[in-house]
Amino acid sequence: MFGTSVSIKSEKEIELMRESCRLLTIVHKEMEEAIRPGMSTLEIDILGESVIRKLGCIPNFKNYNGYPASICVSVNDEVVHGIPNKKRILQEGDIVSLDAGLIYKGYHSDAARTHAVGQISPEARQLIDVTRQSFFEGIKYAKAGNHLNDICSAIDNYVTSYGYGIVSALCGHGIGTHLHEDPEIPNYTMKKRGIKLRPGMTLAIEPMINMGTGEVDWLDDDWTVVTRDGKLSAHYENTVLITEGEPEILTLY
Ligand code: MF3
Ligand code: CO
């Protein structure tokens, strides 16, 4: 990859990206408010998809490479891409990662949050907070003229200082008229500086962080990614616009 395939959005496209992302924050807010012990992960998917459709948008995850739902719901040791299931019931003390995206007038948005179900342990709380903060450490470097690895290594350094494991099997990505565009955005230091960041790039930056090691496995459903050691995992993702100045976090709410 030489950086030439990373799309630069026009002012008109940026407006559409902003709106796609704004609408996605509504979906996330509604899901977050609904979370409670006793709820099934399928109920979260049904709610999320209904909000997306009520907003006149399309769930971009549904049928993506055969993914069978609209919202990825990943509980505890599930890292990402958990498949909603009516038999999977959230329990007090669980942590649940919700990854959602939509298409508005052809433009994709993508964001993820990990939430507490009722009261959780201080260790789980810290994992969620450090995962979130690692995103903000990364985007301190999301500025035109910097290189991609400036973001990646800032995430890596912050997470590693807590002794957590970075999931290196999965990455963030460019986003726009497709859910996954170039560049690939690892959450660890690369051996190269990566592409130069330019105004008009829209990037989904998404640290996936494990309490233990960063090693993961795939369940037999071919989707659900789980920690190999069975320890907790958290996820935090926003769609971000590179500008001439400070980055714009389009999916913040
Ligand atoms: N945010 C996830 C990603 O960037 C979305 C996965 S879509 C799925 O990989 F359909 F594959 F689940
Ligand atoms: Co993503």
Side-chain angles (χ1 to χ4, degrees), residues 1 3 5-29 57 60-61 72 80 97-104 106-114 129-159 166-167 170-190 193-209 234-253:
M1 203 192 303
S5 51
V6 178
S7 69
I8 301 293
K9 275 73 179 177
S10 68
E11 205 37 63
K12 196 176 129 210
E13 291 182 291
I14 288 169
E15 269 315 312
L16 294 169
M17 286 299 292
R18 282 198 185 102
E19 183 62 5
S20 178
C21 291
R22 187 187 70 81
L23 294 168
L24 182 58
T25 67
I26 296 170
V27 179
H28 264 291
K29 271 186 242 169
C57 298
N60 46 4
F61 296 179
C72 299
V80 288
S97 301
L98 305 183
D99 192 348
L102 58 77
I103 311 173
Y104 168 76
Y107 285 81
H108 291 251
S109 49
D110 188 4
R113 298 287 187 274
T114 300
D129 292 345
V130 169
T131 302
R132 175 181 182 279
Q133 186 58 32
S134 73
F135 164 88
F136 286 96
E137 296 298 320
I139 63 151
K140 285 179 185 170
Y141 298 88
K143 286 188 181 141
N146 283 352
H147 290 84
L148 188 62
N149 188 51
D150 297 329
I151 299 175
C152 306
S153 67
I155 294 171
D156 188 336
N157 293 337
Y158 184 75
V159 169
I166 295 165
V167 177
L170 298 153
C171 294
H173 49 92
I175 181 168
T177 53
H178 300 272
L179 173 58
H180 292 144
E181 298 184 357
D182 283 342
E184 196 169 74
I185 308 175
N187 296 300
Y188 53 85
T189 306
M190 300 190 286
R193 64 183 184 174
I195 58 152
K196 189 181 243 186
L197 302 175
R198 299 180 195 282
M201 288 181 175
T202 44
L203 308 175
I205 299 171
E206 50 177 318
M208 290 154 270
I209 307 302
H235 187 195
Y236 186 86
E237 175 180 28
N238 283 307
T239 298
V240 174
L241 169 70
I242 305 297
T243 75
E244 298 283 357
E246 294 301 313
E248 239 181 270
I249 308 171
L250 303 181
T251 48
L252 208 58
Y253 65 97

Taking the side chain as everything from C-beta on, heavy atoms only, tell me whether [X] gets closer than 4.5 Å to [Y].
{"X": "N238", "Y": "F135", "value": "yes"}
{"X": "I166", "Y": "I209", "value": "yes"}
{"X": "M17", "Y": "L250", "value": "yes"}
{"X": "I8", "Y": "M201", "value": "yes"}
{"X": "E181", "Y": "S7", "value": "yes"}
{"X": "V27", "Y": "L102", "value": "yes"}
{"X": "T251", "Y": "C21", "value": "yes"}
{"X": "L179", "Y": "F61", "value": "yes"}

Between [X] and [Y], which heavy-atom pair has the shortest distance, and what is it?
{"X": "S97", "Y": "A234", "result": "OG-CA, 4.3 Å"}
{"X": "G138", "Y": "I155", "result": "CA-CG1, 3.8 Å"}
{"X": "G200", "Y": "I14", "result": "CA-CD1, 4.2 Å"}
{"X": "H147", "Y": "R193", "result": "CB-O, 3.1 Å"}
{"X": "L24", "Y": "A111", "result": "CD2-N, 3.6 Å"}
{"X": "P247", "Y": "V240", "result": "CB-CG1, 3.8 Å"}

* Is any NZ, NE, NH1 or NH2 atom of the basic residue among R22 and E19 found under 4.0 Å from an Asp or Glu carboxylate oxygen of the other? ->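 Result for this pair is yes, salt bridge flagged.
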* Asked: Salt-bridged, E244 to K143, with N to O below 4.0 Å?
  -> no
Rounded to the nearest 0.5 Å, how far apart are [atom1] of [X] and [atom2] of [Y]?
{"X": "I242", "Y": "N146", "atom1": "CD1", "atom2": "CG", "answer": "9.0 Å"}
{"X": "I151", "Y": "I139", "atom1": "CD1", "atom2": "CD1", "answer": "8.5 Å"}
{"X": "Y107", "Y": "N60", "atom1": "OH", "atom2": "CG", "answer": "14.5 Å"}
{"X": "Y253", "Y": "T25", "atom1": "OH", "atom2": "OG1", "answer": "8.5 Å"}
{"X": "S134", "Y": "D129", "atom1": "OG", "atom2": "CG", "answer": "11.0 Å"}
{"X": "L23", "Y": "H28", "atom1": "CG", "atom2": "NE2", "answer": "12.5 Å"}

Is there a donor-acceptor pair under 3.5 Å between the side chain of [X] and the backbone N or O of [Y]?
{"X": "E13", "Y": "S10", "result": "yes"}
{"X": "D156", "Y": "Y188", "result": "no"}
{"X": "D110", "Y": "A204", "result": "no"}
{"X": "N157", "Y": "A154", "result": "no"}

* Selection residues 194-208 - residue pairs positive for side chain to side chain donor-acceptor pair (under 3.5 Å), sequence neighbours left out ->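 Matches after skipping sequence neighbours: K9-T202, H173-E206, E206-H235.
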* Asked: So N187 and C152, side-chain contact (heavy atoms from CB on, under 4.5 Å) or not? Walk me through it.
  -> CA-CA 5 Å; N187 296 300; C152 306; over 6 Å; no
* Would E15 and K12 satisfy salt bridge (charged side-chain N to carboxylate O under 4.0 Å, His left out), going step by step from the backbone distance to the final call? -> CA-CA 5 Å; E15 269 315 312; K12 196 176 129 210; over 6 Å; no
* Between I175, L241, L197, which is the residue that forms a side-chain contact (heavy atoms from CB on, under 4.5 Å) with L203? -> L197
* **side-chain contact (heavy atoms from CB on, under 4.5 Å) assessment of T114 paired with T131** => CA-CA 9 Å; T114 300; T131 302; 5.9 Å; no
* Without hydrogens or angle criteria, can the side chains of S109 and S20 be said to hold a donor-acceptor pair below 3.5 Å? ->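 On atom types as modelled, these side chains qualify, holding a pair under 3.5 Å.
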* To do: Would you sort out whether I249 and F136 count as a side-chain contact (heavy atoms from CB on, under 4.5 Å), showing the intermediate values?
  => CA-CA 10 Å; I249 308 171; F136 286 96; 3.7 Å; yes
* With sequence neighbours excluded, what pairs up with T239 under the side-chain hydrogen bond (donor to acceptor under 3.5 Å, both in side chains) test? ->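 Applying side-chain hydrogen bond (donor to acceptor under 3.5 Å, both in side chains) to T239 gives none.
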* Please report the C-alpha distance between R113 and E237 in whole Å, then the side-chain angles of each, then the deciding distance to 0.1 Å, and finally whether the salt bridge (charged side-chain N to carboxylate O under 4.0 Å, His left out) criterion is met. => CA-CA 7 Å; R113 298 287 187 274; E237 175 180 28; over 6 Å; no
* Tell me, yes or no, whether the heavy-atom count around H178 atom NE2, taken from other residues, nucleotides or ligands under 6.0 Å, exceeds 12. => no
